[in-house]
Amino acid sequence: MGVSLEDIVSLAKRRGFIFPSSEIYGGLAGVYDYGPLGIALKHNIQNLWWNSFVTSRDDMYPMDAAILMNKKVWEASGHATGFNDPMVECSNCHSRLRQDHIDGNKCPVCGKEDTLGEPKQFNMMFKTNTGPTEDKDSISYLRPETAQGMFVNFKNILDTVQPDMPFGLAQIGKAFRNEISPRDFLFRLREMEQMEIEYFVQSDKWEEAFEQWRLSMMDFFKKVGLPENNIHELEVPEEDRAHYSKRTIDFQFDFPFKTDELAGLAYRGDYDLKNHQEASGKDLQYRPKDGSSPFLPHVIEPSFGVERLVLALLISAYSEDEQVGEKRVFLKLPAEIAPVKVAVFPLLKNKPELVAKAKEVYKMLKDEIGAVMFDDNGNIGKRYRRQDEIGTPWCLTVDFDSLEDDTLTLRSRDTTQQERVKVNEISKRLS
RNA sequence: GCGGGUGUAUUUCAGUGGUAGAAUGUGACCUUCCCAAGGUCGAGAUGCGGGUUCGAUUCCCGCCACCCGCACCA
């Protein structure tokens, strides 16, 4: 029996991973806040991504574009129109349909005539106003994707870092979509974070680059701790692809509620650069250093949703152990992304010498590792269970022998097995 | 956004037209020589706003949030 979404939501709340936004006022649909453990988990995922795709490569350039941009960006990209579909609703069958999909006054779902209401504007982009006046000219949008921030900086990057082809831009940042109906916890959100790459290639090299990125993405899923057999590559058929894309792969994950997109890999051609070149009147061509003809690069776009990764990880890590006694719930997170790497306890709370020694070890590890927790609450079993539930891979217990021979008990989250380790060998043992 | 359901403590749940209880978690103290032991004391809730009523957590209305379907997902 797999884990239910409710188990995850409840654990996330109870242990301080994820809270509904502004919960004391009743929350806000499609928006969630990260608590101490949640933000640690999220940062660890982001750092792993950043290290995998940016710092460990020499063809990647990081950047961070602002959320607010000139609205012409969205006119050129097609979002201003594509995100603005007039919709009508049938008063008979309650279907809601795009007006441009309807022919005449007949409802295409139930077939009744004259049941369609007045068209209503649906805009997926959040609007705001820049400057003190609120009029048409002051409208700005919260970006619905981070990608455009990279395309509109393409010229700046060419001019300042003179990259060799092929090269990529990478960015982690918030994006906002005014979803009609946010659903399924962190799956469909109105405010979310994306990790995106725009990888620029010569037009005849796109297939090769696409394949390399496909493999790199699979590698990343593995590294971050998602089981391979819960991830499925879906070749998006032509009729479902954006018209400019010759190929798109959705990486789908088996969520408890449905199997759906976790990340995407799209070939965008030169659609974006071409649009921005035309709309801005600026020359966005790449000029090869060997003096050959300038050209507009084509783009491969690997795109990850941070919250979907967080959710997929919590689901994958959630484990139950039915051994002796009560069932044990633990999060089998890879040590690299677990919010707490190691917890330190005195075996007994009322023995000052044990507590002092445990605090000493805690301080030492805190300096070295950082993600360390000290706990002397209740009894040793409770502390193990508590750490299990937040995914801490290791616990260290100071007992009376520790005072004599400077060894500690190292206990594993996954096996509950224990071994003795010397204090000065702990950090070696944990890495 | 539509239809249906739900909303009581951190969580999981009881319950009542006369201002609420459990389990669990949690804080303090005691106890405890390795897997949620035990004891004492403590903090902690009726989503928000109206209405009906002498009195509403309970009934009605609106809003908000969540769940299930539908639609949407560039």
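The basis for the numbers below is simple: all heavy atoms, side chains too, and nothing from hydrogens, waters or symmetry mates.
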Expected output: side-chain [X] to main-chain [Y] donor-acceptor under 3.5 Å:
{"X": "D250(A)", "Y": "Q252(A)", "value": "no"}
{"X": "R190(A)", "Y": "N178(A)", "value": "no"}
{"X": "S140(A)", "Y": "N129(A)", "value": "no"}
{"X": "R383(A)", "Y": "P346(A)", "value": "yes"}
{"X": "D388(A)", "Y": "F330(A)", "value": "no"}

Paired with [N] by Watson-Crick or G-U wobble geometry, both distances under 3.5 Å: which nucleotide is it?
{"N": "C41(B)", "value": "G27(B)"}
{"N": "C63(B)", "value": "G47(B)"}
{"N": "A74(B)", "value": "none"}
{"N": "C2(B)", "value": "G69(B)"}
{"N": "A56(B)", "value": "none"}
{"N": "U19(B)", "value": "none"}

Ignoring hydrogens and angles, answer whether the base of [N] and the side-chain atoms of [X] contain a donor-acceptor pair closer than 3.5 Å.
{"X": "Y25(A)", "N": "C48(B)", "value": "no"}
{"X": "E179(A)", "N": "C73(B)", "value": "no"}
{"X": "R183(A)", "N": "G69(B)", "value": "yes"}
{"X": "R188(A)", "N": "C73(B)", "value": "yes"}
{"X": "T409(A)", "N": "C34(B)", "value": "yes"}
{"X": "D399(A)", "N": "C33(B)", "value": "no"}
{"X": "R411(A)", "N": "C35(B)", "value": "yes"}

### Query
Closest to the K349(A) side chain: A74(B), C29(B), C34(B)?
C29(B)

### Query
Considering only A36(B), G1(B), A74(B), which nucleotide approaches the side chain of R15(A) most closely?
A36(B)

Between atom [atom1] in [X] and atom [atom2] in [N], what is the gap in whole Å?
{"X": "N377(A)", "N": "C30(B)", "atom1": "CG", "atom2": "C1'", "value": "14 Å"}
{"X": "L348(A)", "N": "C30(B)", "atom1": "CG", "atom2": "P", "value": "13 Å"}
{"X": "R14(A)", "N": "G44(B)", "atom1": "CZ", "atom2": "C1'", "value": "17 Å"}
{"X": "K382(A)", "N": "U32(B)", "atom1": "NZ", "atom2": "C1'", "value": "12 Å"}
{"X": "E23(A)", "N": "U10(B)", "atom1": "CD", "atom2": "C1'", "value": "10 Å"}
{"X": "D184(A)", "N": "A71(B)", "atom1": "CG", "atom2": "P", "value": "15 Å"}
{"X": "E6(A)", "N": "U6(B)", "atom1": "CD", "atom2": "P", "value": "15 Å"}
{"X": "K351(A)", "N": "C34(B)", "atom1": "NZ", "atom2": "C1'", "value": "15 Å"}

Write down the distance separating the [atom1] atoms in [N] and [M], rounded off to the nearest Å.
{"N": "A22(B)", "M": "U10(B)", "atom1": "C1'", "answer": "15 Å"}
{"N": "A45(B)", "M": "U19(B)", "atom1": "C1'", "answer": "13 Å"}
{"N": "C64(B)", "M": "G42(B)", "atom1": "P", "answer": "42 Å"}
{"N": "G50(B)", "M": "C13(B)", "atom1": "P", "answer": "30 Å"}
{"N": "U53(B)", "M": "U58(B)", "atom1": "C1'", "answer": "13 Å"}
{"N": "G4(B)", "M": "C60(B)", "atom1": "P", "answer": "15 Å"}
{"N": "C61(B)", "M": "G3(B)", "atom1": "P", "answer": "14 Å"}
{"N": "G15(B)", "M": "G7(B)", "atom1": "C1'", "answer": "15 Å"}

### Query
Taking only side-chain nitrogens and oxygens of R386(A), does any of them come within less than 4.0 Å of OP1 or OP2 of G25(B)?
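Answer no for this pair, as no side-chain N or O of R386(A) is under 4.0 Å from OP1 or OP2.
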
### Query
side-chain hydrogen bond (donor to acceptor under 3.5 Å, both in side chains) with T259(A): which residues, sequence neighbours excluded?
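Once residues adjacent in sequence are excluded, the partners of T259(A) under the side-chain hydrogen bond (donor to acceptor under 3.5 Å, both in side chains) criterion are D254(A).
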
### Task
Answer yes if the ring centres of F255(A) and F187(A) are under 6.0 angstrom apart, and no otherwise.
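Between F187(A) and F255(A), which both carry aromatic rings, the centre distance is below 6.0 Å.
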
### Ring center gap for Y32(A) and F185(A) short of 6.0 angstrom
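Yes - the distance between ring centres of Y32(A) and F185(A) falls below the 6.0 Å cut-off.
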
### Message
By nearest heavy atom, map A29(A) and R308(A) onto RNA chain B; which one lands nearer the 5' end?
### Response
A29(A)

### Task
Could you check K258(A) against Y32(A) and say which one's nearest nucleotide on RNA chain B is further toward the 5' end?
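Whichever sits nearer the 5' end wins; that is Y32(A).
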
Sugar-phosphate only, base, or nothing, as touched by [X] at under 4.0 Å among non-hydrogen atoms:
{"X": "N350(A)", "value": "base"}
{"X": "S181(A)", "value": "base"}
{"X": "K13(A)", "value": "sugar-phosphate"}
{"X": "G35(A)", "value": "nothing"}

